[in-house]
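Below, all heavy atoms of this structure are taken into account, side chains as well, without hydrogens, waters or symmetry copies. Each chain gets a letter, A, B and so on, in the order the sequences are listed, and its residues count up from 1. Computed from a prediction, not measured in an experiment: that's the story for all the values here.
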2 protein chains.
Amino acid sequence: MSKKPSRLPSPAAPANPGDPLQLDLFVPYRLSVLSNLISHTVATIYGERFGLAIPEWRVMAVLGLAQHQGTPMCANAVAQRTEMDKVQVSRAVSRLLTLGLLGRTVDKADRRKANLTLTDAGYAVYQQIVPLALQYEGELLDTLETDELMMLERLLDKLTKTARGLSASFQPAETP
Amino acid sequence: MSKKPSRLPSPAAPANPGDPLQLDLFVPYRLSVLSNLISHTVATIYGERFGLAIPEWRVMAVLGLAQHQGTPMCANAVAQRTEMDKVQVSRAVSRLLTLGLLGRTVDKADRRKANLTLTDAGYAVYQQIVPLALQYEGELLDTLETDELMMLERLLDKLTKTARGLSASFQPAETP
DNA sequence: CCAATTTAGTTTCACCTGAAACTATTTCCA
DNA sequence: TGGAAATAGTTTCAGGTGAAACTAAATTGG
């Protein structure tokens, strides 16, 4: 008849005033536990075998793809692509430079920018990590049926979009 | 004919050697972005209005429920319930004690333990936060259809279970 | 019984992290 | 032009965090 009863079988939500909240039914909490669990495992894999932390791996991941496509990237572009902030990228890049996995060349046209590329050593590491990462993802998703996998994709997209909206609406934004 | 082609429409997974990995199709990465986005917003809400960080709120959440059920809890039980480690719990508890939101009484029978309870002030804060938390969750999930919501539940459970298994298998476990 | 082990919880240490301040360069526009 | 504002990237600072060491109490078994 009407639209939809605004989440009837709702997760944690009795939503009657005075009702308690059960943490392990609370979606933000559950997502956080899941995400931390995965990140921890993945960090262990990268860390033990390659001495890389997740931010470093992410930088390499986007640069590896850029390399593949022949498009050099500057730190700022990496930051946008990875959704990390520029401080994190700056630090990850400097560690990767020290490790000799990255090269940096100041842009001729705009000397504030520097193009980042994987060195041969960096690309070799990249080519070792990619299959490991995909293998982990594969094992994680292996118990899901095809329809569940499709829905997971869809849910990640929808929730991320909604969460972005809520983030913006809760952090009022400055009006200078 | 056979089981299932082992994730055909797989997310990030071309899985052919040499193929690149596209970060924004990689499920662990996407989950991390989503979870961070949500945690950040939620932390802002709790932080601005109550001066509480997420670990503190989690401790209060489980103690609030325990209170509701008349079951007092010690720090260790809180740690298990929240999936935080005991260090984190210890710190959160001591901050909450300082804020006067928690009371602690050393257990008569086992003087290593201490029962933790929300003070009246703590319970008052708890009762203010719960609706805010549920409201945030509600808004986050509001765009989902009923079937999507049910699938979300199921996916969180399945993935968490699988991730736990993978975590164990990647961190060999000690054999003393 | 009492030494060895286990358990509850705290402290230490070394590192990570985000926000804000800062430098260097470029762009904008009066 | 040339000074104000914007942009790329780094550094600083003030916490937060986990692993490991530590304290205190309780349990175990010889």
Side-chain angles (χ1 to χ4, degrees), chain A residues 32-33 35-37 39-44 46-48 51-59 63 72-98 102 104-116 167 171 173-174 176, chain B residues 32-33 35-37 39-44 46-48 51-59 63 72-98 102 104-116 167 171 173-174 176:
Chain A
S32 166
V33 169
S35 170
N36 289 342
L37 203 52
S39 292
H40 198 267
T41 304
V42 167
T44 301
Y46 302 159
E48 281 181 358
L52 295 177
I54 286 185
E56 284 140 32
W57 150 245
R58 286 187 182 168
V59 168
L63 289 178
M73 291 179 89
C74 67
N76 210 20
V78 171
Q80 284 178 243
R81 210 77 192 62
T82 55
E83 310 223 24
M84 310 195 304
D85 70 41
K86 60 183 184 171
V87 177
Q88 240 179 328
V89 172
S90 171
R91 284 193 269 240
V93 165
S94 75
R95 271 171 293 186
L96 291 171
L97 286 170
T98 305
L102 240 59
R104 158 159 58 184
T105 27
V106 173
D107 191 299
K108 289 284 176 194
D110 183 342
R111 299 203 335 273
R112 290 170 306 180
K113 295 184 189 171
N115 286 334
L116 302 168
S167 165
Q171 276 140 38
E174 39 204 297
Chain B
S32 167
V33 168
S35 170
N36 289 342
L37 203 51
S39 292
H40 198 267
T41 304
V42 167
T44 301
Y46 302 159
E48 281 182 358
L52 296 176
I54 286 185
E56 285 141 31
W57 150 246
R58 286 187 183 168
V59 168
L63 290 178
M73 292 179 91
C74 67
N76 210 19
V78 171
Q80 284 179 245
R81 211 76 191 61
T82 55
E83 310 224 25
M84 310 196 302
D85 70 42
K86 59 183 183 172
V87 178
Q88 239 181 328
V89 172
S90 172
R91 286 194 268 240
V93 166
S94 75
R95 271 171 293 185
L96 291 171
L97 287 169
T98 306
L102 241 60
R104 156 157 61 183
T105 26
V106 172
D107 190 300
K108 289 283 175 194
D110 184 343
R111 298 204 335 273
R112 290 170 307 180
K113 295 183 189 172
N115 286 332
L116 302 168
S167 165
Q171 276 137 41
E174 41 204 297

How long is the line joining [atom1] of [X] and [atom2] of [N], in whole Å?
{"X": "B:K113", "N": "D:dT23", "atom1": "NZ", "atom2": "P", "result": "23 Å"}
{"X": "A:K86", "N": "C:dA20", "atom1": "NZ", "atom2": "C1'", "result": "10 Å"}
{"X": "B:Q80", "N": "C:dT7", "atom1": "CD", "atom2": "P", "result": "12 Å"}
{"X": "B:N76", "N": "C:dG9", "atom1": "CG", "atom2": "C1'", "result": "8 Å"}
{"X": "A:Q88", "N": "D:dG16", "atom1": "CD", "atom2": "P", "result": "18 Å"}
{"X": "B:D85", "N": "D:dA21", "atom1": "CG", "atom2": "P", "result": "16 Å"}
{"X": "A:R111", "N": "D:dT7", "atom1": "CZ", "atom2": "C1'", "result": "15 Å"}
{"X": "B:R104", "N": "C:dA8", "atom1": "CZ", "atom2": "C1'", "result": "11 Å"}

**Request:** Examine the base of D:dG18 for any acceptor or donor lying under 3.5 Å from a partner atom in the side chain of B:R91, and report the outcome as yes or no.
**Result:**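 Side chain to base: pair found, below 3.5 Å.
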**Message:** Does B:R112 contact C:dT7 through a side-chain donor or acceptor facing the base, at a distance under 3.5 Å?
**Reply:**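 Such a pair exists between side chain and base.
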**Item:** Residue met sooner reading DNA chain D from 5', once A:D110 and A:V87 are mapped to nucleotides
**Value:**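 Final value for this comparison: A:D110.
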**Asked** What is the distance from atom CH2 of A:W57 to atom OH of A:Y46, rounded to the nearest 0.5 Å?
**Response**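 Between A:W57 CH2 and A:Y46 OH, I get 5.0 Å after rounding to 0.5 Å.
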**Prompt:** At what distance, to the nearest 0.5 angstrom, does CD of A:E83 lie from CG of B:N36?
**Reply:**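 The CD atom of A:E83 sits 9.5 Å away from the CG atom of B:N36.
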**Request:** Ignoring backbone atoms, establish whether B:S90 has a side-chain N or O less than 4.0 Å from OP1 or OP2 of C:dG9.
**Result:**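 So the side-chain polar atoms of B:S90 never come under 4.0 Å of the phosphate oxygens OP1 or OP2 of C:dG9.
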**Request:** Using a cut-off of strictly less than 4.0 Å, decide whether A:H40 has a side-chain nitrogen or oxygen near OP1 or OP2 of D:dA19.
**Result:**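 Answer is yes, contact under 4.0 Å.
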**Request:** Mind listing the closest non-hydrogen atom pair of A:S32 and B:R58 along with its distance?
**Result:**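 Between these two residues, the closest heavy atoms are OG-NH2, 3.0 Å.
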**Message:** Taking any heavy-atom pair under 4.0 Å as a contact, classify B:A92: base, sugar-phosphate, or nothing.
**Reply:**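 It contacts nothing in the nucleic acid.
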**Message:** Please classify the nucleic acid contact of B:A114 as base, sugar-phosphate, or nothing, using heavy-atom distances under 4.0 Å.
**Reply:**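 Touches sugar-phosphate only.
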**Request:** Ignoring the backbone of B:A75, work out which of C:dG9, D:dG18, D:dG16 is nearest its side chain.
**Result:**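 In terms of side-chain proximity for B:A75, the closest of C:dG9, D:dG18, D:dG16 is C:dG9.
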**Prompt:** Is it true that a side-chain atom of B:T98 and a backbone atom of B:S94 form a donor plus acceptor pair closer than 3.5 Å?
**Reply:**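 Flag set: sc B:T98 to bb B:S94 pair under 3.5 Å.
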**Prompt:** Can you check whether A:H40's main-chain N or O pairs, donor with acceptor, with A:T44's side chain at less than 3.5 Å?
**Reply:**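 Between the backbone of A:H40 and the side chain of A:T44 there is a qualifying donor-acceptor contact (under 3.5 Å).
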